[in-house]
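Working notes, structure below.
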Protein chains: 2
Amino acid sequence: MADTAFVNKAKQTLRDNGYKLTGPRLMILEFMLESERHYSMKEICCGLQKKFSGIGTATVYRNVNLFLKLGIFRTSPVNNNQFYYTVNQPGDRHHHMICLKCGTRVEFNSCSFAFIAKEIENKTHFEIYDHTLEVYGLCPGCLAKKKDIARNRTAD
Amino acid sequence: MADTAFVNKAKQTLRDNGYKLTGPRLMILEFMLESERHYSMKEICCGLQKKFSGIGTATVYRNVNLFLKLGIFRTSPVNNNQFYYTVNQPGDRHHHMICLKCGTRVEFNSCSFAFIAKEIENKTHFEIYDHTLEVYGLCPGCLAKKKDIARNRTAD
DNA sequence: ATCGTTGCAAAAGTTTTGCACTCAA
DNA sequence: TTGAGTGCAAAACTTTTGCAACGAT
């Protein structure tokens with residue numbers, strides 16, 4: 001059901017780094033894989049405590065941060081002031097369109113990034129491993145609303 | 001000394017949105033413009049309280065967040081778990097190279113983004129206002145060290 | 001059997017709020 | 001003159017830590 005390949009790879013990463021395969025760690029993994037959404041820390045804590053009562057907040061914090069360190073999870077910044085956590089799928093291109101009005105987040109693929117990557121490597125002499133591209137604007141829905149408002153001369 | 005054009009534009013933005021031009025607000029602006037670095041909220045609070053004793057923490061929080069809302073400041077995510085604040089210069093392209101080893105942050109320009117922007121607008125039907133591109137990898141210095149280590153067969 | 005991991009509760013740290021006073025417009 | 005903005009202190013919220021008990025290896 002949950003992404004077995006991902007779980008196995010995570011287990012291996014834990015083992016390789018000398019960490020144990022404990023109940024709470026597997027719960028957290030399972031929870032995050034159930035729907036591969038972006039969760040705030042609070043959502044993860046609440047969600048897990050509802051599902052598996054008995055898991056402590058400290059444990060969630062400790063392990064989410066551990067998973068982050070091991071690259072099993074990653075964060076993405078939302079609204080200038082909060083981090084959301086998500087499963088770090090290797091194929092993820094980490095490109096997001098974020099609506100400035102309603103906060104909608106859309107993940108998209110950009111096939112042109114490889115092209116830009118080369119340009120960046122030449123310019124900075126860094127060796128590129130990964131990247132995130134966050135694009136801010138108005139989603140089609142809010143764009144339509146904005147045009148309506150302009151048409152009716154109504155204030156925001 | 002401080003970026004007068006930026007200050008004037010910020011003042012105008014405040015006025016346009018019905019906010020007053022107060023002492024603390026100008027202090028915060030001045031502080032952030034002194035060196036256009038990325039500051040954590042704590043650094044801003046401490047720095048300001050050292051420079052202009054008497055400015056309250058609540059005031060700093062209130063106004064940094066106000067400036068964020070008005071687009072006078074912006075944040076950038078650092079190390080998966082903290083936001084840093086900086087002056088939002090209109091010319092900023094918001095492209096960063098971050099070294100995974102030593103944390104060095106390099107700002108660079110990518111002339112190709114306009115090309116990708118078009119592609120994204122077509123794909124998502126969003127109207128693009130702004131973006132940030134965070135690229136992770138190894139900086140030239142750490143790359144060199146890594147090669148040394150490989151050569152000497154020394155563990156990390 | 002050992003030692004990393006856990007849950008709990010307390011501590012520490014961060015951000016927000018309530019309020020009387022102040023000051024920009 | 002007056003309401004938005006301020007500093008302060010308290011409250012609320014978030015994250016970390018200390019520790020005895022537990023359980024994966």
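Here is the naming used below: chain letters follow the sequence lines, and residue numbers restart at 1 for every chain.
When the P atom of D/dA4 is taken as reference, atom CG of B/L70 falls 16 Å away, rounded to whole Å. Here the P atom of nucleotide D/dG7 and the CZ atom of B/F52 are 12 Å apart, to the nearest Å. Here the P atom of nucleotide D/dT14 and the CZ atom of B/F83 are 15 Å apart, to the nearest Å. Across the protein-nucleic acid pair, A/Y61 atom OH and C/dA10 atom P stand 18 Å apart, rounded to whole Å. Regarding B/N65, its CG atom lies at a distance of 11 Å from the P atom of C/dT17, rounded to whole Å. Here the P atom of nucleotide C/dT14 and the CD1 atom of B/I44 are 13 Å apart, to the nearest Å. Atom-to-atom, NZ of A/K11 to P of D/dA24 comes out at 13 Å; the value is rounded to the nearest Å. When the P atom of C/dT6 is taken as reference, atom CG of A/L66 falls 9 Å away, rounded to whole Å.
The residue among B/K42 and B/R15 whose nearest nucleotide of DNA chain C lies closer to the 5′ end is B/K42. Nucleotides of DNA chain C nearest to B/T57 and A/G54 differ in position, and the one nearer the 5' end is that of A/G54.
A donor-acceptor pair under 3.5 Å is absent between the side-chain atoms of A/T75 and the main chain of A/Y84, judged by distance alone. The closest donor-acceptor contact from the side chain of A/T13 to the backbone of A/K9 lies under 3.5 Å.
With C/dA24, D/dG7, C/dG7 as the choices, the nucleotide that has an atom nearest any side-chain atom of B/I55 turns out to be D/dG7. Closest contact between the side chain of A/K20 and the listed nucleotides C/dA25, D/dA24, C/dT6 involves D/dA24. Side-chain proximity of B/A58 to C/dT17, D/dT14, C/dA9: nearest is C/dT17. Set against D/dT6, C/dA25, C/dA9, the side chain of B/R25 has D/dT6 as its closest nucleotide. Each of C/dG7, D/dT16, D/dA24 was ranked by its minimum atom distance to the side chain of A/P24; first place goes to C/dG7.
At least one side-chain heavy atom of B/R37 sits less than 4.5 Å from a side-chain heavy atom of B/E43.
Regarding contacts with the backbone of D/dT6, a side-chain N or O of B/T22 is found under 4.0 angstrom from either OP1 or OP2. In terms of phosphate contacts, A/N63 brings a side-chain nitrogen or oxygen within less than 4.0 Å of OP1 or OP2 of C/dT6.
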Going through the checks in order, is the side-chain hydrogen bond (donor to acceptor under 3.5 Å, both in side chains) test met by A/Q12 and A/D16? CA-CA 6 Å; A/Q12 195 55 50; A/D16 290 350; 2.9 Å; yes
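A/G23 comes within contact range of no nucleotide atom at all, as no heavy-atom separation falls under 4.0 Å.
Within 3.5 Å, a donor on the side chain of A/R62 pairs with an acceptor on the base of C/dG7, or the reverse.
Each of A/F31, A/F73, A/F83 was checked for a ring pair (Phe, Tyr, Trp, His ring centres under 6.0 Å) with A/Y39, and the lone residue meeting it is A/F31.
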